[in-house]
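Just so it is clear, the model here is predicted, and its values are computed rather than measured. Hydrogens, waters and symmetry mates play no part in the numbers below; they use all other heavy atoms, side chains included.
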Amino acid sequence: MGDFKTVDPILHAWAEARGLHVYAGHKQNTVRSMTVYIWIGQRHESTGHIWLDPPNELGLVGIHAAQGAFRFDDAVKPEKLSAALDNLHDRLFENKRRVESL
């Protein structure tokens, strides 16, 4: 497989519904990544970064997130990508809220 054509419609719809921009290229690499922002009180801050791998030979999409010491990696079928991104978005938010409260 190795490309994002099955993932892009799902990813772009998910990101657009949340006002996020999907980055699709970095130098010579084809990527799919987003920086997730939320409002915390009066501040607009990043909760972290999400990026995807293209579907592998098993048809699974690698999903990754990081923010500070928080790191998450998983792989899902394309039809479960939107739900997996929702879960990851929530985990980034909870991590940010936890870190802010320390």
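For the atom pair Glu16 CD and Leu11 CG, the distance stands at 11.5 Å (nearest 0.5 Å). Atom CG of Leu85 sits about 8.0 Å away from atom CZ of Arg18, to the nearest 0.5 Å. Distance check, rounded to the nearest 0.5 Å: CZ of Arg91 to CZ of Arg98 gives 11.0 Å. Rounding to the nearest 0.5 angstrom, the gap separating the CD1 atom in Ile50 from the CG atom in Leu88 is 4.5 Å. A distance of 9.5 Å separates OG1 in Thr6 from CD in Glu79, rounded to the nearest 0.5 Å. Between Met34 atom CE and Leu92 atom CG the span is 9.5 Å, to the nearest 0.5 Å.
Using a 4.5 Å heavy-atom cutoff, the side chains of Asp86 and Trp14 are in contact. At least one side-chain heavy atom of Pro78 sits less than 4.5 Å from a side-chain heavy atom of Val61. With contacts defined as side-chain heavy-atom distances shorter than 4.5 Å, the pair Lys96/Phe70 does not qualify. Using a 4.5 Å heavy-atom cutoff, the side chains of Asp8 and Arg32 are in contact. Looking at heavy atoms from C-beta onward, Leu20 lies out of side-chain contact with Thr35 at the 4.5 angstrom threshold. For the pair Thr47/Gln67, no side-chain contact is recorded, criterion being any heavy-atom separation below 4.5 Å from C-beta on. Considering only heavy atoms from C-beta on, Val76 stays 4.5 Å or farther from Leu60 through its side chain. Within the 4.5 Å cutoff, side-chain heavy atoms of Phe4 are placed close to those of Leu52.
Listed by chain and residue number, Asp53, Asp73 satisfy the side chain to side chain donor-acceptor pair (under 3.5 Å) test with His64 (two or more places apart in sequence, or in another chain). Not counting sequence neighbours, Phe72 has no partner by the ring pair (Phe, Tyr, Trp, His ring centres under 6.0 Å) test.
Each of Phe93 and Trp51 belongs to its own hydrophobic cluster when Ile, Leu, Val, Met, Phe, Trp and Tyr are linked at side-chain heavy-atom distances under 4.5 angstrom.
Within a 6.0 Å radius of CD in Glu94, other residues, nucleotides and ligands contribute more than 12 heavy atoms.
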